[in-house]
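We name chains A, B, ... by the order of the sequence lines, and we start the count at 1 in each one.
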2 protein chains.
Amino acid sequence: MHVSNLAREIKERRKTLDINQQQLSELTEIGLRTIKGLESGKTNPTLKTVVTILTVLGLELTIKTQK
Amino acid sequence: MHVSNLAREIKERRKTLDINQQQLSELTEIGLRTIKGLESGKTNPTLKTVVTILTVLGLELTIKTQK
DNA sequence: ATAAAAAGGGCGTTATAATGCACGTATCAA
DNA sequence: TTGATACGTGCATTATAACGCCCTTTTTAT
């Protein structure tokens, strides 16, 4: 899982749930500017930011052994 | 996956591979102080830091739908 | 085509992760 | 128990994530 992958997956999931960045910002209580930066793959978010967003989107991180 | 969970899993895996924090620091080129902070669960690491460490440990992050 | 909504991004500020250094604490072997 | 090795942590500095503001670009609906 690279940062750009994560950005794409989050964006995709958000669209599937039919919410916009503004709404995701409100649901997560994470600044809109942060959401924008993350989804466009321009930043290196903290784990907390990622987990909070994934949780609201009904997703979660797991650890696996590399294939 | 919470931050404290991640810390525990990383530490456990490192011990399984029988390397110490100093060696993990060298292998990942991440500062020893950062490794220490992360494993003791006292910090909120960036995604990049987490991914770099997991990769060296032969692990990877994946996204799943919440159970 | 065009208006509205959504997304992208520059800039400056604030909060905090990453880091090295130094030292305390814990673990383990002899 | 003592010495060595590994781990935890306070502090100060540097780098950068998070953030709001505001404008541009892209997408979507009519």
Ignoring backbone atoms, test whether A/Gln23 places a side-chain nitrogen or oxygen under 4.0 Å from the OP1 or OP2 oxygen of C/dA6.
no

On the nucleotide C/dG8, are OP1 or OP2 found under 4.0 Å from the side-chain N or O atoms that A/Gln21 carries?
yes

For A/Lys48, which contact category applies under a 4.0 Å heavy-atom criterion: base, sugar-phosphate, or nothing?
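The answer is nothing, as A/Lys48 stays clear of every strand by at least 4.0 Å.
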
Say you draw a straight line from [atom1] of [X] to [atom2] of [Y]; how long is it, rounded to the nearest 0.5 Å?
X       : Y       : atom1 : atom2 : answer
B/Thr28 : B/Leu57 : OG1   : CG    : 8.5 Å
B/Gln21 : B/Lys15 : CD    : NZ    : 8.0 Å
A/Thr65 : B/Leu59 : OG1   : CG    : 7.0 Å
B/Leu17 : B/Glu12 : CG    : CD    : 11.0 Å

Roughly how bent is the helix from C/dA1-D/dT30 to C/dA30-D/dT1 end to end, in steps of 10 degrees, with each end axis from five pairs?
70°

Looking at B/Glu60 and A/Lys67, is any side-chain nitrogen of the basic one under 4.0 Å from a carboxylate oxygen of the acidic one?
yes

Measure the distance from [atom1] on [X] to [atom2] on [N] and round it to the nearest whole Å.
X       : N      : atom1 : atom2 : answer
B/Lys15 : C/dA26 : NZ    : C1'   : 10 Å
B/Ile10 : D/dC7  : CD1   : P     : 14 Å
B/Leu24 : C/dT19 : CG    : P     : 12 Å
B/Gln22 : C/dT27 : CD    : C1'   : 18 Å
A/Glu39 : C/dG9  : CD    : C1'   : 14 Å
A/Lys11 : C/dA7  : NZ    : P     : 8 Å

Hey, are the side chains of A/His2 and B/Val51 touching, using non-hydrogen atoms and a 4.5 Å cut-off?
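Not touching, per the 4.5 Å side-chain cut-off.
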
Answer whether the closest heavy-atom distance between the side chains of A/Met1 and B/Thr62 falls below 4.5 Å.
no

Under 4.0 Å protein heavy-atom contacts per nucleotide of nucleotides 17-22 of chain D, with B for base, S for backbone only and - for none:
SSBBB-

Pairing residues for B/Glu9 by the salt bridge (Lys or Arg N to Asp or Glu O under 4.0 Å) criterion, not counting sequence neighbours:
none

Residues B/Thr49 and B/Thr46: side-chain donor-acceptor under 3.5 angstrom
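Yes, because at least one side-chain N or O of B/Thr49 sits under 3.5 Å from a partner of the opposite role on B/Thr46.
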
